[in-house]
Amino acid sequence: MLVNASGRPEGQRAHLLLPQLKENDTHCIDFHYFVSSKSNSAPGLLNVYVKVNNGPLGNPIWNISGDPTRTWNRAELAISTFWPNFYQVIFEVITSGHQGYLAIDEVKVLGHPCTRTPHFLRIQNVEVNAGQFATFQCSAIGRTVAGDKLWLQGIDVRDAPLKETKVTSSRRFIASFNVVNTTKRDAGKYRCMIRTEGGVGISNYAELVVKEPPVPIAPPQLASVGATYLWIQLNANSINGDGPIVAREVEYCTASGSWNDRQPVDSTSYKIGHLDPDTEYEISVLLTRPGEGGTGSPGPALRTRTKCADPMRGPRKLEVVEVKSRQITIRWEPFGYNVTRCHSYNLTVHYCYQVGGQEQVREEVSWDTDNSHPQHTITNLSPYTNVSVKLILMNPEGRKESQELIVQTDEDLPGAVPTESIQGSTFEEKIFLQWREPTQTYGVITLYEITYKAVSSFDPEIDLSNQSGRVSKLGNETHFLFFGLYPGTTYSFTIRASTAKGFGPPATNQFTTKIS
């Protein structure tokens with residue numbers, strides 16, 4: 001069969017189709033080809049295709065560029081496709097626009113192996129998960145030399161280069177090919193190819209199946225929640241990707257991303273334990289199908305928070321920093337989340353004291369909880385009073401108290417001596433004065449100061465300028481006898497009580513001596 005390319009435009013095609021071959025045993029297709037051109041220009045391109053089971057034509061398995069040979073050359077096709085599969089060999093010439101001839105002759109199907117080209121044994125289908133390497137092992141009978149070209153040819157998919165060749169005996173070798181980083185688009189039919197100086201060897205087609213690792217469509221569902229655990233339903237019946245599902249895992253992490261963990265699961269529900277109270281978590285489900293790389297990406301995340309837990313303990317090291325007459329300042333050891341076990345909490349200062357024989361109970365919220373030296377000042381207290389103080393740490397789940405601290409406020413200026421308590425027993429030349437201590441002593445009464453002076457007399461001629469003075473009495477004495485007074489004279493007495501802080505306000509009363 002001959003193609004005369006002279007006078008034909010570039011790109012015209014001529015096809016010669018052999019009958020469909022249904023071979024049962026090893027065989028070799030042998031043919032001769034001839035290329036001629038007076039101008040030494042390539043008249044066209046000679047391609048050979050092998051179409052299997054009426055499938056697509058695919059890429060050429062053998063070709064020459066069409067440079068003039070001027071002699072007949074022999075090539076052989078070692079095709080390893082056997083019944084019940086069948087194949088068809090197609091010769092193609094594509095004109096170049098130059099003058100010349102391309103011819104083939106003596107196309108034979110020989111009942112023995114090819115002499116210059118290896119024959120491939122049957123290659124197996126390969127199944128991988130997306131993203132993995134698909135390795136095809138191609139065993140061949142024959143020899144390979146350095147100039148041979150080996151590759152993995154696909155139909156409507158990318159070809160794969162040779163990874164390695166391993167010679168197992170003098171008449172056998174194994175070629176390995178990797179389809180790297182597989183995706184669904186790489187799925188399809190592949191066959192092993194070897195181009196030698198004498199021809200080409202072609203294996204059967206093997207199927208590359210690329211499975212997509214499964215991913216849940218919906219997030220897990222929350223069944224119940226506690227302070228340190230979360231019960232979830234995996235909710236992973238609907239998936240994107242391929243099954244079967246052979247393993248399930250739960251991946252969870254803090255919403256802040258400070259740490260994460262992954263646990264295998266063998267049921268449709270799972271309890272995630274040993275969690276931190278009042279902490280937000282993101283929980284996802286991972287599914288795995290058979291094979292390396294069969295674990296899919298985490299599914300949509302469930303975002304939820306654990307409950308608060310009862311505080312670990314109450315505040316510690318409660319102590320007094322400053323004591324005044326009407327206020328005290330307390331301090332305690334700082335504490336954090338490891339004690340509160342909840343991000344939402346409050347610290348209450350609980351205190352009680354006696355006023356007028358009645359117990360007063362008060363509570364105040366302390367806002368100074370984030371300070372490295374937290375403290376709180378209690379105001380509006382009564383001087384020289386025992387105050388019982390404790391701190392109460394509360395969160396939504398419970399409360400813990402500190403140890404109780406009893407502190408006495410400082411002394412203050414005392415109140416006034418009750419005016420009605422100032423009583424005087426009068427005589428002609430003396431007055432016996434007595435009184436009671438102030439209602440509010442605000443400390444220990446250490447001294448009484450009594451000042452007196454004559455303010456009037458029934459005898460207008462009496463000189464009263466020397467009728468005055470000051471007397472001090474100890475705190476445990478509440479009476480005094482004034483003598484050497486004038487009869488019929490009115491005297492004013494002013495009493496002040498004193499504590500360690502000083503004198504309080506005065507109280508005044510008047511008494512008149514009897515007439516002589």
Side-chain angles (χ1 to χ4, degrees), residues 1-21 27-81 86-110 114-118 120 145 147-162 189-203 205:
M1 298 296 294
L2 179 142
V3 171
N4 183 0
S6 302
R8 294 190 177 275
E10 179 184 1
Q12 286 201 336
R13 297 172 183 262
H15 282 179
L16 172 65
L17 284 67
L18 267 61
Q20 290 182 345
L21 299 176
H27 58 282
C28 182
I29 295 181
D30 185 278
F31 68 94
H32 290 72
Y33 62 92
F34 183 92
V35 181
S36 174
S37 173
K38 293 181 180 179
S39 64
N40 288 326
S41 299
L45 184 66
L46 176 59
N47 295 322
V48 178
Y49 298 87
V50 174
K51 184 166 69 171
V52 178
N53 295 339
N54 288 327
L57 190 64
N59 295 320
I61 62 164
W62 181 92
N63 58 31
I64 59 168
S65 61
D67 292 333
T69 61
R70 294 187 178 84
T71 60
W72 285 95
N73 292 277
R74 176 173 168 265
E76 54 187 14
L77 308 178
I79 302 173
S80 298
T81 298
F86 57 89
Y87 68 92
Q88 186 175 32
V89 176
I90 300 171
F91 294 90
E92 176 186 64
V93 171
I94 303 176
T95 58
S96 64
H98 299 291
Q99 292 183 347
Y101 299 89
L102 295 98
I104 59 172
D105 194 8
E106 298 187 57
V107 181
K108 304 172 186 176
V109 180
L110 305 175
C114 295
T115 58
R116 298 184 297 164
T117 304
F120 284 105
V145 296
D148 295 345
K149 177 186 176 183
L150 285 144
W151 76 101
L152 189 71
Q153 186 187 67
I155 297 182
D156 298 327
V157 289
R158 56 175 166 158
D159 291 350
L162 175 68
K189 296 182 180 299
Y190 292 82
R191 60 187 175 186
C192 303
M193 307 284 296
I194 182 170
R195 176 76 180 263
T196 67
E197 186 178 351
V200 63
I202 312 143
S203 75
Y205 273 119

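Only a predicted model underlies this, so the values are computations on that prediction, with no experimental measurement involved.
Every residue was checked against the salt bridge (Lys or Arg N to Asp or Glu O under 4.0 Å) condition with Asp148, not counting sequence neighbours, and none meets it.
Counting only heavy atoms from C-beta outward, the side chains of Asn63 and Arg195 approach each other to under 4.5 Å. Side-chain contact between Ile104 and Leu16 is present, with heavy atoms from C-beta onward closer than 4.5 Å. Counting heavy atoms from C-beta on, the side chains of Lys51 and Leu17 never come closer than 4.5 Å. Between Leu45 and Ser96 the shortest side-chain heavy-atom distance does not fall below 4.5 Å.
A salt bridge is absent between Glu197 and Arg116; no separation between the charged side-chain nitrogens and carboxylate oxygens falls under 4.0 Å.
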query: Do Arg74 and Asp30 pass the side-chain contact (heavy atoms from CB on, under 4.5 Å) test, and can you show the C-alpha distance, the side-chain angles, and the key distance before you say yes or no?
result: CA-CA 7 Å; Arg74 176 173 168 265; Asp30 185 278; 2.4 Å; yes

- request: Just do the side-chain contact (heavy atoms from CB on, under 4.5 Å) check on Val89 and Ile29 with the steps written out, would you?
  value: CA-CA 9 Å; Val89 176; Ile29 295 181; 3.7 Å; yes

task: Given side-chain contact (heavy atoms from CB on, under 4.5 Å), test Ile61 with Arg191 step by step and report yes or no.
output: CA-CA 10 Å; Ile61 62 164; Arg191 60 187 175 186; 3.3 Å; yes

- request: Go through the steps for Leu46 and Trp62 under the test side-chain contact (heavy atoms from CB on, under 4.5 Å), then give the verdict.
  value: CA-CA 8 Å; Leu46 176 59; Trp62 181 92; 3.8 Å; yes

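Counting only distance, with no hydrogens or angles, the side chain of Gln88 and the backbone of Leu18 share a donor-acceptor pair below 3.5 Å.
Closest of all the heavy-atom pairs between Pro118 and Ile194 is CG-CD1, 3.9 Å. Counting all heavy atoms, side chain and backbone alike, Gly198 lies closest to Thr117 at C-OG1, 3.8 Å.
In this structure, Phe91 has its ring center at least 6.0 angstrom away from the ring center of Tyr33.
Tyr87 pairs with exactly one of Ile202, Val52, Asn53, Asn54 by the side chain to side chain contact (heavy atoms under 4.5 Å, CB included) rule, that one being Val52.
In this structure, Phe34 and Trp72 have tilted ring planes: the angle between them lies in the 30° to 60° band.
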